[in-house]
Protein chains: 2
Amino acid sequence: MDDILIKNVLLFGKKANVLIKGNRFSSVDAPADAQARQVIDGEGMAILPPFYNTHTHAAMSLLRGYADDMPLQKWLTEYIWPFEEKMTAADIREGSRIAVREMIKSGTVFFSDMYFDIEETIDLVNEYGMRAAIGVTFMESHSKSQQDDKLDLLKHWTDPTGGRVTLTVAPHAIYTVGPDLLKRCSRTARDLGLKLHIHISETRKEVDDCLREHGTTPVRYLDQLGVLGPEVVAAHVVHADTEELALLAKRGVTIAHCPCSNLKLSSGIFPYKQAKEAGCRVTLGTDGDSSNNNLDMREEMKFAALIAKCSSGDPETMPAHEALEIATRNGAEAFGIDAGDIAAGKLADAILIRLDDERMQPLHHLVSNWVYAAGSDIVDTVICDGRILMQHRQFPND
Amino acid sequence: MDDILIKNVLLFGKKANVLIKGNRFSSVDAPADAQARQVIDGEGMAILPPFYNTHTHAAMSLLRGYADDMPLQKWLTEYIWPFEEKMTAADIREGSRIAVREMIKSGTVFFSDMYFDIEETIDLVNEYGMRAAIGVTFMESHSKSQQDDKLDLLKHWTDPTGGRVTLTVAPHAIYTVGPDLLKRCSRTARDLGLKLHIHISETRKEVDDCLREHGTTPVRYLDQLGVLGPEVVAAHVVHADTEELALLAKRGVTIAHCPCSNLKLSSGIFPYKQAKEAGCRVTLGTDGDSSNNNLDMREEMKFAALIAKCSSGDPETMPAHEALEIATRNGAEAFGIDAGDIAAGKLADAILIRLDDERMQPLHHLVSNWVYAAGSDIVDTVICDGRILMQHRQFPND
């Protein structure tokens, strides 16, 4: 017998019965009399792939609204870093809890993180049933023994969730990690078959400093070091020329586009149209709550689509279905998660959204309404790996 | 005895008891034992001014998602206009109903509209208790007798809501209304003491066509016709140079900034920083559901603030409190509504927002969280003109 049956739910424009067995969809076209241990009434709802947030700093939810509306350098040095110095493991736990709940409530089942005290975050991910790729952060300022400990952790860590969490090697950025450590991180990621998560070309300053110090731009510099490859997830990539975008595409690098953060910090606008033309794999991230200031991927899709249209001068750029794709399937694929589609055989990750909300009416185009009009509060139910994380906006253990 | 007491609600960072008598706040600092006919428990909520949406086309909610991701000209001529030709008064009523409900649920109590079959929209505004400034739309394509009827309506109309609705004279734009009719509209607005609501410099094409036809730019052209004055509400103003912005400020024109629509249609980015420096009065509008695709002023504030920062290259541009101001007080002021502040003596327009939502935690800065992080679904209660339009997200007559 199957485990979950979602009855009468809208899928690709028609009513369907969706079956889940274990952690995979067993059918998305089951007969009306299908049976399962648990039945969800999908009437008045649509089933969609959930979000895969490819760049965030979950526990920074604690810094939400703590410092806004100021230049990046002042923001970092006078507010963020002094605050972070005082953060304890208990704080990281509390911040991760807020973030995990916020993400699930807005329809996200996976996030790629980069922060500290990762065991606290992993514990919350485990408790709430999400997926995550948790970065082990490397910075030059850490001591040699700290770095060795981190490398050791990467080699010997075992996943307490039974398959939903991986670690990533996360050298913070080229301006905080020198060439030797960057190369060491790269070797480690390749040896262990892990992703390498790094900020690249977020600001004009990063590019200018790189030109001065290394005589070339960040993407070219990293390629000269041999760091770029299909395991790399590059956050931001706001400042990249056509040749650099082609290089990222050729190396199979994944870009984690974070439009809200880039706009809010005045970092610039990611050249989406050119990246797409270059063949880059683009995914979507919210960045941390301290620079967004939320983890709402529905809102992020709208920002991504609208800013791509206006910055390219072409309203046909990033139509709604493409915004949904970068926020869902592309992110899952980038992290090797066999999900992102509601289809038999795929991992059972899904959201059910309510269609009775005014912002979903009329229903000329479901995906357009979801991307451009709705709010994430119409997410009624979240399913990850065949398990119900939230139903009727309630967490089972609240 | 007062009519409504809102107990223990967060106002300017501390708990307060807020009293309403008739349609005005009688106290925002009442004692704990204050009495009123109706008591609202404000525990766990903050009270804020509601939104005043200064440019929309309410009934176009019917076209939400009907045509997206295409150039403006194709969008208008192949989709919007053919659809609109088939719309009946009953359709306008249904569209207005969706829009009015959507607006109230997202915390808006007032909108400035421009569309057709206005009696249907006014009827819905009356039923749901909102405020509105309803445009009587003028276009050159209307017959002489239609135009006379409209002028007649403007002269003899009486407000069925007892003070919450006004009409505005709404010549659509300079490319759909010739100079004589523009001047006639202007005279009518001034004679009757009404606002004049018009689209100005929305697209580059409008500016180029104006240059070719009239030898000058839209703002200068309208000023030469004598149309610009403190009664004018100019929607969009995306393409305006520094001199034009100074002229708009000098004439006392109100700008209705519509960032989502301008981005989605690739019209361009309103030069907010320059407009502010020029001393313009800037307010916020969502435009219609067909080009946004919602009427959510909270989301619109975030778009306005983030795009102002990035386009100016200055993250200090439009801080959170300023985004809230243009979306609330500035809009009320522009339309002569004595509201937009929670203060004794002011008209009793307010929203209560829930603080238990993860996106409102931690509460370092209430306004920052509201503008950048929250969703409009945390609006619990909406009060307009001393009347409760929604409580616990329920409409009284549903």
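Throughout, a chain's letter reflects where its sequence line sits, starting with A, and its residues are numbered from 1. Below, all heavy atoms of this structure are taken into account, side chains as well, without hydrogens, waters or symmetry copies.
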Point-to-point distance, once rounded to the nearest 0.5 Å, from [atom1] of [X] to [atom2] of [Y]:
X	Y	atom1	atom2	answer
A/M103	A/Y128	CE	OH	11.5 Å
B/I378	B/R393	CD1	CZ	9.5 Å
B/N292	B/K264	CG	NZ	8.0 Å

Among [options], single out the residue with the greatest number of heavy-atom pairs under 4.5 Å to chain A.
options	result
B/V371, B/D377, B/D296, B/D69	B/D69
B/A99, B/C260, B/A305, B/G375	B/C260
B/L306, B/N294, B/D357	B/L306
B/H365, B/Q361, B/E102	B/Q361

Side-chain donor or acceptor of B/N369 paired with backbone N/O of B/M360 under 3.5 Å: yes

Can you tell which part of [X] gets under 4.5 Å to a heavy atom of chain A, answering side chain, backbone, both or neither?
X	result
B/S376	side chain
B/R97	neither
B/K105	side chain
B/L265	backbone
B/L363	neither
B/D314	backbone

Side-chain ion pair, A/R298 and B/E299, N-O less than 4.0 Å: yes

Pick whichever of [options] has the most heavy-atom pairs under 4.5 Å with chain B.
options	result
A/M318, A/K302, A/E316	A/K302
A/S266, A/A374, A/P259	A/S266
A/N262, A/L62, A/I269	A/L62

Does either side chain, that of B/E84 or that of B/Y115, offer a donor lying less than 3.5 Å from an acceptor on the other one? yes

Under 3.5 Å, is there a donor-acceptor pair linking the side chains of B/T108 and B/N53? no

For residues B/W75 and B/I80, determine if any side-chain heavy atom of one lies less than 4.5 Å from a side-chain heavy atom of the other. yes

Heavy-atom closest contact (B/T56 atom, B/F111 atom, distance): CG2-CD1, 3.7 Å

